[in-house]
Amino acid sequence: MCGIVGAVAERNITAILLEGLKRLEYRGYDSAGVAVFTHNGTLERMRRNGKVAELEQALAGEPLMGRLGIAHTRWATHGAPSERNAHPHFSGSDLAVVHNGIIENYEALREQLKGLGYVFTSDTDTEVIAHLLNHKLKDQSDLTEALKATVKELHGAYGLAVISAKQPDRLVAARSGSPLVIGLGLGENFLASDQLALRQVTDRFMYLEEGDIAEIRRDSVQIWDVNGKSVQRETVQYRDGAEAADKGEYRHYMLKEIHEQPAVVQRTLENRLGQDHVLVQAFGPQAAELFAKVRNVQIVACGTSYHAGMVARYWLESLAGIPCQVEVASEFRYRKVVVQPDTLFVSISQSGETADTLAALRNAKELGFLASLAICNVGISSLVRESDLTLLTQAGREIGVASTKAFTTQLVGLLLLTLSLGQVRGTLEAGVEAQLVEELRRLPARLGEALAMDATIEKVAELFADKHHTLFLGRGAQFPVAMEGALKLKEISYIHAEAYPAGELKHGPLALVDNDMPVVTVAPNNELLEKLKSNLQEVRARGGELIVFADEQAGMTNGEGTHVINMPHIHDVLAPILYTIPLQLLSYYVAVLKGTDVDQPRNLAKSVTVE
Ligand code: G6P
């Protein structure tokens, strides 16, 4: 992953680079660094292990001033997080490179370059790019041309930004597999992994496409495509008032984002519901015609988005009568897939830049799917650009690494998709659709009721603070909700958590249950409730402590070792969305009690743009 920022201007750019890095920390925060062509005519850098704040502090003590620079925030792939592995990487004293991605042939290149006399000072794959470029500059003194020659020898994924003290009039960049955007200013231009990093300086952007090389000067931008042809890329004016600015009254972004869910779910429903039906056009003008042909659905996603897909499978099969398969993108992309005729390929992603999900979409295009649909939170993402149809979730910017509001809005989007497919294909009764549309309208208020349980859940969290393992149980569409609950807990509290379909308990995990292993269960009032109650007895009989989130009408009561938290009654179809909320709050409060870095948990990143 990693985040890149670059600038070429008439003014000092260090503060711009730092602000950009802070906004890119969602891409990784193991170390950070900046290289600036200073007023003395030399290239200088500052790198620090840890977050951007460490770098900022170091720069406050020893400022770097200049009009050309590149900067980087890292999520370690090759080489442990450390100052020596932090970017920018230098070759000699004149050339600095920052990189997002993975160079797969770096070992061979490293050996080759060592043979040429280059000395490596880091364990990264990136350093080979700096030395290879340095080597190419011996035959070809123009930096841009040398970069073109360099990337021809790189296998893997990269977003690259390079500066040289010998040609300080420009910043050069290359994109293959990792996003890069140019920010256009007046007499100054910028580069970043995400336009968000540059919103402080411009609202005009040019997105590089796969294989593009760019030469960015103060007053011009030149781009060459994958075939070396000079090309123009469209300039996009970007206006989005919805960007989260700060934590407001909340202690963490995650808590703020959890509490935003009623509003963003409401926004995701806006203009998509008719009086008694879903507006299929919300998926695009050709959606109705396409949906009528769909006989199967293949969902692909990663992480939390994958769990949303797993919930959707229950909906698509039970409500729209469509067979559905769900797979994590990293598996799907490398599997020999047999595609059933008329299968709709659905990708789900908060960022729209997750490398495995994007690669799966690109593979899918070769595999004969009927069409591709992206459920995504970022309208200008690669996933959206490359899919035939899109439904944008309206979660707004999500900053907490642990996904919360993106998940519930994805679920809303997937339910809209289910109802649309059922409607168009005539497999869903109009009365059922009308009832669910009504329930969807009431959903934001219901989510508000669940959030009002905040203080109760904070108390329950105390049961977990000294535990090392937890089991999450659910049945039916609540099984993926249990999976998401377990993922949240492990991500931010570092407590080992596993999810099981409750019926599988006796086939193994029951052996783990004792009084040191709390068992969390989501128990809406549906036809599986009685079966679930039996599973819970099995836990109690082994001394396991139960935490049960149960429908207020389910008739479950507190008892010794059983803590029942009553949930507002909700239609069974919408229960997965509602029951997600207390599990998010539970993880949050456990993490706060444990004192972890809630918004930026160790070893993780918000957007995973490497394999
Ligand atoms: C990372 C994030 C997760 C997210 C996953 C997929 O692992 O930390 O929160 O669910 O990537 O990201 P996407 O943007 O594709 O939904």
Side-chain angles (χ1 to χ4, degrees), residues 1-3 24-30 75-77 100 177-179 193-194 196 253-254 257-258 264 299-312 326-333 346-362 372-387 390-393 395-414 480-481 483-494 580 583-584 587-588 591 596-611:
M1 263 97 55
C2 311
L24 289 181
E25 268 195 319
Y26 74 89
R27 304 177 70 87
Y29 37 77
D30 291 335
W75 184 78
T77 58
N100 168 28
S178 303
S193 305
D194 176 340
L196 186 85
Y253 281 109
M254 181 177 176
E257 288 160 3
I258 289 173
V264 295
I299 298 179
V300 167
C302 299
T304 288
S305 301
Y306 167 67
H307 294 155
M310 294 218 10
V311 173
V326 191
E327 194 166 5
V328 285
S330 53
E331 286 299 312
F332 178 88
R333 64 180 291 192
V346 177
S347 59
I348 311 169
S349 175
Q350 187 285 126
S351 62
E353 300 294 348
T354 301
D356 285 323
T357 310
L358 263 175
L361 167 65
R362 288 171 188 156
S372 58
L373 164 69
I375 307 253
C376 189
N377 195 37
V378 181
I380 43 174
S381 60
S382 306
L383 200 70
V384 167
R385 278 203 300 271
E386 295 180 29
S387 297
T390 303
L391 186 86
L392 287 181
T393 48
R397 189 160 144 64
E398 192 179 61
I399 293 177
V401 165
S403 186
T404 52
K405 59 178 181 168
F407 179 67
T408 41
T409 53
Q410 284 167 349
L411 289 178
V412 168
L414 288 160
V481 171
M483 291 175 78
E484 176 57 12
L487 177 66
K488 286 290 86 88
L489 191 70
K490 59 188 142 193
E491 276 180 312
I492 59 167
S493 76
Y494 315 148
T580 295
L583 300 188
Q584 294 170 342
S587 312
Y588 173 76
T596 63
D597 189 342
V598 173
D599 286 330
Q600 293 184 325
R602 68 185 183 202
N603 305 342
L604 302 181
K606 182 76 189 152
S607 180
V608 182
T609 56
V610 294
E611 267 197 76

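Just follow the structure's listing: the first ligand is 1, and inside any ligand the first atom is 1.
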Inset, instruction - Ignoring hydrogens and angles, state whether a donor on the side chain of Q410 or T393 is under 3.5 Å from an acceptor on the partner side chain. - result: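 There is no such pair (donor and acceptor under 3.5 Å, judged by atom type) between the side chains of Q410 and T393.
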
Legend entry - Spacing of CG belonging to L24 relative to CG belonging to D194, to within rounding of 0.5 Å: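 One gets 6.0 Å once the value is rounded to the nearest 0.5 Å.
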
Does a side-chain heavy-atom distance below 4.5 Å link [X] with [Y]?
| X | Y | result |
| --- | --- | --- |
| H307 | K488 | no |
| R333 | D356 | yes |
| L414 | V311 | no |

Inset, instruction - Please name all residues satisfying side-chain contact (heavy atoms from CB on, under 4.5 Å) with V401, sequence neighbours left out, ordered by chain then number. - result: Y29, P601, L604, K606

Inset, instruction - Mind jotting down which protein residues get a heavy-atom contact under 4.0 Å with ligand 1? Chain and number order, please. - result: C302, G303, T304, S305, S349, Q350, S351, T354, V401, S403, A605, K606, V608

